[in-house]
Amino acid sequence: MEKKTILVTGGAGYIGSHVARQLGEAGENVVVLDDLSAGFADAVLYGELVVGDSGDRELVSRLLSDHGIDTVMHFAAHLVVPESVENPLKYYGNNTCNTRNLLQCCQESGVKNFIFSSTAATYGIPAGGVATEESPAAPINPYGTSKLMSEWMLRDLSSASDLKHVILRYFNVAGSDPEGRIGQSTPNATLLIKVACETATGKRDSIKIFGTDYPTADGTGVRDYIHVEDLARAHLDALAYLRRGGESTLVNCGYGHGYSVREVLDAVQRVSGKPLNIIEQPRRAGDPPQLVANAERIHKLFGWKPRYDDLEFIVKTSLDWEKKLNSRSRS
Ligand code: UD1
């Protein structure tokens with residue numbers, strides 16, 4: 001059977017570029033659509049890069065028909081929680097309205113499979129800090145709400161058509177390609193491990209801990225950090241699941257255990273061998289105390305086998321990438 005093409009929106013970004021690379025390595029045909037607002041052309045290692053907006057219906061319809069696309073993986077989105085609190089309409093515009101436009105194009109051209117990047121931020125503050133897919137969706141920031149609204153549109157469209165979907169709710173994604181080809185390059189990054197690695201490599205003077213009075217073991221926020229390479233693999237597993245006739249579903253993507261901010265910073269100091277200048281600050285707006293996945297469903301349904309459930313390895317690959325970025329900017 002002729003292999004169809006997969007459209008990867010946001011495929012020049014951090015997570016999308018790792019997925020596009022794994023798809024390419026697996027022999028899949030890939031087209032990347034990215035407006036390069038947060039992505040990088042040189043992160044696209046496989047397939048054609050089309051520079052444009054995933055909410056541009058004319059462009060998307062043309063791409064879907066010209067390339068005979070039967071699967072869409074939708075990564076393009078804004079994703080910074082505090083920014084979404086300050087500028088909610090930016091998030092509803094890009095994340096929700098653009099997804100609606102994209103879904104309309106998919107419906108019109110008869111796309112079969114839709115794999116959607118969603119987030120653990122849809123859970124808000126789950127009871128006990130651990131979320132199963134059945135936990136109530138109760139986002140506490142506009143970012144989480146913008147993604148939840150997209151999930152609902154997708155669910156409703158799948159009920160009303162032949163489209164099948166997998167919603168992947170990501171926990172805290174970190175690390176980079178173990179072979180060092182691509183990584184997390186976002187300027188002015190806010191992610192804990194990225195900021196800590198920038199501090200360890202001298203790009204920043206200090207790192208702040210946002211909140212030391214949370215009801216957690218050491219008072220700092222706890223998250224489930226998942227290596228981007230394992231997360232990327234979950235997308236290929238989701239595609240295989242849909243191709244073998246799996247029903248539309250929603251799965252958590254995390255390892256099922258968490259680390260506190262202090263534990264992460266200790267790991268960065270151990271792996272880098274550099275003491276960090278750490279400044280304790282009040283809590284940051286929109287942050288839950290603890291967010292950890294119950295990850296049973298993804299193992300059971302997809303047979304997902306994570307390879308890098310190891311905080312030090314996550315930190316090492318992040319640090320290696322940071323050093324590479326620093327040497328590039330000096331040359
Ligand atoms: C990240 C994702 C978000 C996703 C969520 C799922 C991004 C930009 N954010 O948000 O899309 O929904 O995971 O859980 O991809 N912290 C500090 N100092 C810092 C930075 C962070 O103490 O300089 C703390 C935060 O308060 C939090 C933890 O570290 O407790 C993780 O924060 P961060 O890395 O920013 O990720 P999330 O906000 O959890």
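Note that ligands are numbered from 1 as they come in the structure, with each ligand's atoms numbered from 1 the same way.
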Once you measure the plane-to-plane angle for [X] and [Y], does it fall in the parallel (<30°), tilted (30-60°) or perpendicular (>60°) bin?
X    : Y    : answer
F302 : Y241 : tilted
Y255 : H257 : parallel
H227 : Y308 : tilted

Proximal atoms of ligand 1 relative to [X] (non-hydrogen, under 4.0 Å):
X    : answer
G221 : 30 (O)
A121 : 12 (O)
I209 : 22 (O)
V261 : 22 (O), 24 (C), 29 (O), 30 (O)

Quiz question: by atom type and distance under 3.5 Å, do the side chains of [X] and [Y] form a donor-acceptor pair?
X    : Y    : result
Y143 : E83  : no
T186 : Q184 : yes
Q22  : E229 : yes
S206 : N277 : no

What I want to know is whether [X] and ligand 1 share at least one N or O pair that is separated by under 3.5 angstrom.
X    : result
V80  : no
K208 : yes
F171 : no
V222 : no

If you take the nearest heavy atom of each of L191, T216, I226, L291, which one is closest to atom 7 (C) of ligand 1?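 Residue with the shortest heavy-atom distance to the ligand atom: L191.
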Return the option from Y143, F210, Y214 holding the heavy atom at the smallest distance from atom 11 (O) of ligand 1.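 Nearest option to atom 11 (O) of ligand 1, by heavy atoms: Y143.
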Touching ligand 1 at all, Y225? Heavy atoms, strictly under 4.0 Å?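 Flag set, Y225 near ligand 1.
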Apply side chain to side chain contact (heavy atoms under 4.5 Å, CB included) to S117 and K147, showing your working. CA-CA 8 Å; S117 302; K147 286 284 188 173; 4.2 Å; yes
Can you check salt bridge (charged side-chain N to carboxylate O under 4.0 Å, His left out) on K305 and D237, steps first, answer last? CA-CA 9 Å; K305 291 198 174 52; D237 292 347; over 6 Å; no
Just to be sure I read this right, does ligand 1 sit under 4.0 Å from the backbone of [X], its side chain, both, or neither, counting only heavy atoms?
X    : answer
T119 : side chain
D287 : side chain
Y14  : neither

Which residue owns the protein heavy atom closest to [atom], what's the atom, and how far is it?
atom                    : answer
atom 27 (C) of ligand 1 : R223 NH2, 3.7 Å
atom 34 (O) of ligand 1 : L192 N, 2.7 Å
atom 38 (O) of ligand 1 : R284 NH2, 2.8 Å
atom 37 (P) of ligand 1 : N172 ND2, 3.6 Å
atom 20 (C) of ligand 1 : T190 O, 3.4 Å

With L154, the side-chain contact (heavy atoms from CB on, under 4.5 Å) member among L102, T99, L163, V166: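 That would be L163.
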Does any N or O in the side chain of N141 come within less than 3.5 Å of the main-chain N or O of P82, such that one atom is a donor and the other an acceptor?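 Between the backbone of P82 and the side chain of N141 there is no qualifying donor-acceptor contact (under 3.5 Å).
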May I have the step-by-step check of salt bridge (charged side-chain N to carboxylate O under 4.0 Å, His left out) for E322 and K274, ending in yes or no? CA-CA 14 Å; E322 214 48 58; K274 302 255 166 55; over 6 Å; no
